[in-house]
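Numbering of ligands and ligand atoms starts at 1, following listing order. For reference, positions follow the sequence shown, starting with 1.
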Amino acid sequence: MRDKYINIILVGYGGKKAKSFRINKRTLKFFLIGCTATLTGLLIFAVATFYQNLSLKTEVSKLREEKRKLTVLLAKEKRRTSYLEQFREKVEELEGKLITIDKFLRKKGIRKVPSGVGGARSRIDIFDVEYVSFLQDEAEKAYKYLSRIPLGPPVWGRITSRFGYRRDPFTGRYEFHDGVDIKAPWGTPVRATAEGKVIYAGWKAGYGKTVIIRHAYGFRTLYSHLSKIKVRAGRWVKPGDIIGYVGSTGRSTGPHVHYEVWRHSRKQNPLKYMYVRW
Ligand SMILES: [Zn+2]
């Protein structure tokens with residue numbers, strides 16, 4: 001029969017007594033198995049913790065990247081929002097201008113077509129491409145309407161005689177003056193005040209060298225006492241086109257343009273068109 005026990009003797013030094021232990025072999029075996037199992041367990045735990053840390057670090061860097069992306073997106077969104085806000089303001093500004101032009105045209109008795117500009121709309125409508133195109137068309141139409149109305153003076157200069165009754169410089173009697181006289185240096189270009197067709201270009205008794213233009217909406221304009229005529233009857237002119245030059249032909253006391261505005265065969269005060277009040 002084999003010995004069940006193992007003897008461990010601790011030898012003493014320097015006169016100390018030796019000590020001896022007796023351990024059951026089975027107990028020692030269990031003790032050693034226990035130690036190995038504990039060490040293995042600790043090792044597994046250490047390795048697992050290490051890998052967990054590693055994956056956490058990856059997770060953190062991923063989240064950091066995500067955060068950076070979100071910050072960029074947020075900045076972009078902020079810029080987009082402010083751009084849309086600015087866009088909305090611009091569209092509203094454009095609407096306001098179109099409404100002003102529309103009011104002006106109506107006042108001049110030119111446009112009765114109800115416009116769809118402005119009014120109650122939701123915020124979303126303003127970003128509608130169709131609505132913006134519509135505004136663009138309206139602006140183009142408004143420009144066309146305006147370019148057909150005689151606006152502004154045919155030449156820049158001092159008004160020497162207004163529309164209405166005045167003492168005639170030749171006869172000294174009171175007479176109705178059908179237009180305005182604008183004093184300007186000899187040879188200054190005289191320009192058409194609106195788009196239209198030249199219906200007369202030549203000499204007119206009293207008026208001297210004269211140009212008459214027929215415009216849309218029943219308008220006609222007359223420019224006289226010119227030194228030289230630049231256009232022929234039948235020619236189509238645009239606002240600002242030179243039709244002749246300042247002179248003193250006909251019944252005139254010095255270089256000036258006698259300018260008349262007619263509408264539906266009724267004389268108008270040209271000043272109402274020369275200095276436009278919106
Ligand atoms: Zn005159």
Specify which N/O/S atom of Asp181 comes nearest to the Zn ion (ligand 1), by atom name.
-> OD1

Short N/O/S contact of His256 with the Zn ion (ligand 1) (below 2.8 Å) = no

The Zn ion (ligand 1) to nearest N/O/S of Asp178 less than 2.8 Å | no

Glu260 and His258: side-chain donor and acceptor closer than 3.5 Å?
-> yes

With a cut-off of 2.8 Å, does His225 place any N/O/S atom under that distance from the Zn ion (ligand 1)?
-> no

Contacts of Tyr245 meeting ring-ring contact (aromatic ring centres under 6.0 Å, His included) (sequence neighbours excluded), chain-then-number -> none

Indicate whether any N or O donor in one side chain lies under 3.5 Å from an N or O acceptor in the other, for Tyr273 and Thr221.
-> no

Just give me the atom name: the N, O or S atom of His177 closest to the Zn ion (ligand 1).
-> NE2

Can you measure from CD1 (Ile213) to CH2 (Trp236) and round to the nearest 0.5 angstrom?
-> 10.5 Å

Of all the N, O or S atoms in His258, which one sits nearest to the Zn ion (ligand 1)?
-> ND1

Leu54: hydrophobic cluster co-members (side-chain, 4.5 Å) | Val47, Phe50, Tyr51

